[in-house]
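Residue numbering restarts at 1 for every chain, and letters A, B, ... go by the order of the sequence lines.
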Amino acid sequence: MNGEPTRLVDDESVRDELRDRLTREAATPPYTYDLEKGLRRLRAAIAAESPEEGRESPPSEPPAGVASR
Amino acid sequence: MGTAAEAETSGTLDAEALFRAHAPFVAGFLMRLGVRQSDLDDLMQEVFMVAHRRGGFVPGPARPTTWLARIAIRIAMAHRRTRTRQWGELDEEAVAAASGSDPNPQAQAETTESLSIVQQALESLDVERRALFVLFEIEEESCDEIAAGLGIPVGTVYSRLHAARRDFQKAYSRLSGRVQAPAHQVGAMR
């Protein structure tokens, strides 16, 4: 903790213009990302992985339907 | 959000709770590492699937954000190796989209220019330095939290951060010298 440097935005020796731009950068998310869509996709990916993880599928029922497509 | 917050106070966070609480952080972090908007969806999934396979976040010295940042850095670096031609080019669509929420056209133009210069200066840094710069200067994580999350000594964080700030300021000076006058002044001068 002792050596924690001063952030550029708080450093008065740094040009105001740069500090303003860094403040603006921090306040503006650099993306447009659909969180709900991402969450649905993540749930689907996790669900698709879970049979392998649990190894609970009976040996007599291979996932042939998926594999043959 | 409430669910994730409750989970966070109780301890372990699974991938879904992590996503709910920290997806905006990870998305912004990946973009600032140089990932293009068109690749963001896929890389976000990779980050959180790695988090899932690791059993989620278990409380320790790292914060969930810096723990996810470590995963994101590895994935971004791997991605970079496959996309060397696009990496390093400014994602102008993303910059325009990010600044597009300002209703004042002049302010929007200035924000676009400002974001563009900062992001171009960031792109002059290698991924490790850029990651430290973003985590410390933009995301306001502490050096101790960054060290814990990335699994490196805090002294290494200080030295890499020092180098990152030096390189960033050098690149920034070069770029801002090139774009000296704000957009509205250029218009006034014709």
For Q45(B) and G38(A) the tightest heavy-atom approach is NE2-O, 3.0 Å
Closest-packed option against chain A by number of heavy-atom pairs under 4.5 Å, given H162(B), Q169(B), E140(B): E140(B)
Check whether any side-chain heavy atom of P5(A) lies under 4.5 Å from a side-chain heavy atom of Y158(B), and answer yes or no. yes
Testing the basics here: between L42(A) and M49(B), what is the closest heavy-atom pair and its distance to 0.1 Å? CD1-SD, 3.8 Å
What part of F48(B) gets closer than 4.5 Å to chain A, counting heavy atoms only: side chain, backbone, both or neither? both
Kindly compute the distance separating CG (D34(A)) from CE (M44(B)), expressed to the nearest 0.5 Å. 10.5 Å
Side-chain heavy-atom pair R41(A), D42(B) within 4.5 angstrom cut-off: yes
Do F133(B) and L22(A) have side chains that get closer than 4.5 Å, going by heavy atoms? yes
Between P24(B), G155(B), A121(B), A23(B), which has the largest tally of heavy atom pairs under 4.5 Å with chain A? P24(B)
Going only through I, L, V, M, F, W and Y residues with side-chain contacts under 4.5 Å, is there a path from L68(B) to V58(B)? no
Would you check if Y33(A) and M31(B) make a side-chain contact, meaning some heavy-atom pair closer than 4.5 Å? no
Side chain / backbone / both / neither for Y172(B) at chain A, heavy atoms under 4.5 Å: side chain
Between R21(A) and I117(B), what is the shortest heavy-atom contact and its length? NH1-CD1, 3.1 Å
S142(B) backbone acceptor or donor facing E4(A) side chain under 3.5 Å: no
What part of F25(B) is in contact with chain A, defined as an atom under 4.5 angstrom from a non-hydrogen atom: side chain, backbone, both or neither? neither
Please report the closest heavy-atom contact between E49(A) and R53(B), naming both atoms and the distance. OE2-NH2, 2.5 Å
Taking the side chain as every heavy atom from C-beta outward, state whether E25(A) and R32(B) have any pair of such atoms under 4.5 Å apart. yes
With a 4.5 Å heavy-atom cut-off, do K37(A) and D41(B) have their side chains touching? yes
